Protein chains: 2
Amino acid sequence: MLSYIKMSRKELESEIKELGIEYEQFKSRGLQLDMSRGKPGVDQLDLSMAMLTDMELIQNPKSANGADCRNYGILDGIIECKELFARLLEVGAKNIIVGGNSSLNLMYDYIAQCMIHGAGSAPWASLGKIKFACPVPGYDRHFTICESLGIEMINVPMLEDGPDMDILQELIKDSSVKGMFCVPKYSNPEGKTFSAETVRRIAALKPAASDFRVIWDNAYCVHDLYETGDKLLNIFEAAKEYGNEDIFIEVASTSKISFPGAGVAAIAASDNNIAAIKKRMSAQIIGYDKLNMLRHARFFKDERGVKEHMKKHAAILKPKFEAVLSAFEKELSSLEIATWLKPNGGYFISLNVMDGCAKRVVELCRQAGVVLTPAGATYPYGKDPKDSNIRIAPTYPPVSELKTAVALLCICVRIACAERILNDKVEKVKKIYNKNH
Amino acid sequence: MLSYIKMSRKELESEIKELGIEYEQFKSRGLQLDMSRGKPGVDQLDLSMAMLTDMELIQNPKSANGADCRNYGILDGIIECKELFARLLEVGAKNIIVGGNSSLNLMYDYIAQCMIHGAGSAPWASLGKIKFACPVPGYDRHFTICESLGIEMINVPMLEDGPDMDILQELIKDSSVKGMFCVPKYSNPEGKTFSAETVRRIAALKPAASDFRVIWDNAYCVHDLYETGDKLLNIFEAAKEYGNEDIFIEVASTSKISFPGAGVAAIAASDNNIAAIKKRMSAQIIGYDKLNMLRHARFFKDERGVKEHMKKHAAILKPKFEAVLSAFEKELSSLEIATWLKPNGGYFISLNVMDGCAKRVVELCRQAGVVLTPAGATYPYGKDPKDSNIRIAPTYPPVSELKTAVALLCICVRIACAERILNDKVEKVKKIYNKNH
């Protein structure tokens, strides 16, 4: 196929007309497909069902250290679950707090605590305007936490190997910049993994704010699609060299290992931070759901059990990612209107269309029955300055539905971009005409 | 037995000596008993075990409205669980949010939200010193929430039928008084239920603070010990008459119905408050554990199922409460050194010993191997101004152990009070002596 950029006005008009016919055919099918959220598919959920009728839970509902998991007690989680997360995140078990069902909840609570109590210094709520650096595109729910707590967000572009560290290092000279959320492995939405050099530079940060915090959302720590997954440097080991361990709050969960919403989440942090978090938690809760912790610990047994389990997830997800990528390759690659990366894991594919076209693409899809993540959602305040990024969540629909949805998506991308190029050409002619008259 | 008050110095000395021998006998037994926290006993936990291997959860993990409870979605809880709490709390299902495993967590988050966002007005954290009225004796964890968030606590004595409303009505004329926690049914620790008149007076409160909130912790709403339990007036119905529904945030949980820490908690609130809480929650979490909600909804089926289940709890708990009360009756009633109430439900018996003796009693028990709730814990800042109140939690130990623990407790009460009276007599004599010389 010819690049749209190189097409004449006439060629573009004819292309748009043909695409319009294809689009209307899709529309007439009355599709109802959803690629908006990073939800596991039903077959992935089925992988963990044995956990729900674990007879051992009845015969012996006690944790390895003897605590009855059916009763009150143990603020920071049962030992076997701590150890499981400790191995997955490569930290000591004493540096783990096992929480409830949601790492988002742990992150929100951590930042809310910083607002009320501060992070070793004055309460953030007492400091007037405070700011967070936000690698973009990023995870909308991180932005929502900041926005809901009145934290101003400043975009930091994602480069190939993580956030633009030169910009970040400049930003943190401002002591009102208090932190940053990031997804260092298989980033949401681009699927990038921070390089060792980037991790080291983050580990070495010397922010003006002594109470600066990086929320290291390691949501996809074991979520490889291929045998050799990306390797992420251990942030705590890297930070230790610079005496910077207190800057990092790492979270993870089994939401996309066992069940989203019925899994187990955890925090990994330095000794100082664990103590501070436990102190706040002791006013907030008596303890999280230990039966669910026990269910998980017994089902997965150990780190190896989790990794074997994740291979089953990968086997289900690989064809889905590949269906999207091969459609992009086939339908979009030569047109010079869109770019994308091939992630080695995680839950998303990030599609960058021509500037100013993302909203139109999402709207065209919506009108034909395919729901995508709203354009702009991958940026703070829902504002993608280039209106270019679209997050594709290929995990939930079955492959057949996914193929249909992506076929439509490609048509919508082509329509929106062809229209845009054509429009630009017309505007350009108009301008020349106006200049000459 | 003779009242200690009427005993001579000599009689007291001989009594203390005899009690000391009994005490040493207990001490030599190396007891390790715990009556400190309101934990269900193992036989109570066994009542709900079938829930943990519910095969239907595997065959059909969907909620009544079709949502797959294993996946993301539904911020405010599945409909069948909402309906269950709605019936138990006598409100509409639309006025229920089903949360995680902990009503304490829901309360903390609500107050933390008030600190950060306010309750329809300025953020509480921005207002300088704010205060809560605290019915005393009360629940230590309510006080801990206030203390951890820097809310000043003001004692309001509990009368026979609830907090002293005259004092409360006076207090709320101060607009910095922003709220009150209370346990209106089978109060912690006294087991009192607020009378209809008290509920109506609370419902009619006209606080100076427009953002005043009462946290109506209905922890023991179905926790009757006898067929005819206490009746608590519906706070929302009462408040409606005064246009006061927005003042009340009610919480409850199945912690002492199914499993503490692995149960389900809920909030009941006005339409306005439900909307405000959901708005904050949408930044905090994607949704709570719906599989555990489904487990509970299917196990209990409906309100009647819960009430039948609670009769089984009552059958286990009644002998425990009665063991404590009959020991008090037998060992303490004629001595004029202690008073207590006989609760019709809940989890505690509140023992008031002679002023200045509670700490000593708890310490004597501790030294002989019986752990009680720390004296003072039932008051804000851990300070019982009279050093008189001791919270007895009779639910966890088996009856035989409980009897041993209470026998020791009675001896410790007698020792501490006899010593006190004797000491007072000596001091009095000293004073007279000093006056005459």
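Below, chain A is the first sequence line, B the second, and so on; all start at residue 1. Predicted, not measured: the structure shown is a model, and the values here were computed from it.
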Shorter than 4.5 Å, heavy atoms on both sides: which option in A/I74, A/L291, A/I58 has the most such pairs with chain B?
A/I58
Heavy-atom pairs under 4.5 Å with chain A: which of B/I145, B/V42, B/L149, B/I286 has the most?
B/I286
Specify which of B/P40, B/G100, B/P123, B/A125 makes the most heavy-atom pairs with chain A at under 4.5 Å.
B/P40
How about the chain B/chain A donor-acceptor pairs under 3.5 Å, what are they, with distances?
residue: B/P40; atom: O; partner: A/N71; partner atom: ND2; Å: 2.9
residue: B/D46; atom: OD1; partner: A/R70; partner atom: NH1; Å: 2.8
residue: B/R70; atom: NH1; partner: A/D46; partner atom: OD1; Å: 2.8
residue: B/N71; atom: ND2; partner: A/P40; partner atom: O; Å: 2.9
residue: B/Y72; atom: OH; partner: A/K256; partner atom: NZ; Å: 3.0
residue: B/N101; atom: ND2; partner: A/G287; partner atom: O; Å: 2.9
residue: B/N105; atom: N; partner: A/Q284; partner atom: O; Å: 3.3
residue: B/D109; atom: OD1; partner: A/Q284; partner atom: NE2; Å: 3.0
residue: B/H117; atom: NE2; partner: A/S148; partner atom: O; Å: 3.4
residue: B/S148; atom: O; partner: A/H117; partner atom: NE2; Å: 3.4
residue: B/K256; atom: NZ; partner: A/Y72; partner atom: OH; Å: 3.1
residue: B/Q284; atom: O; partner: A/N105; partner atom: N; Å: 3.3
residue: B/Q284; atom: NE2; partner: A/D109; partner atom: OD1; Å: 3.0
residue: B/G287; atom: O; partner: A/N101; partner atom: ND2; Å: 2.9

Side chain / backbone / both / neither for B/M115 at chain A, heavy atoms under 4.5 Å
side chain
Structural part of A/I116 lying under 4.5 Å from a heavy atom of chain B
side chain
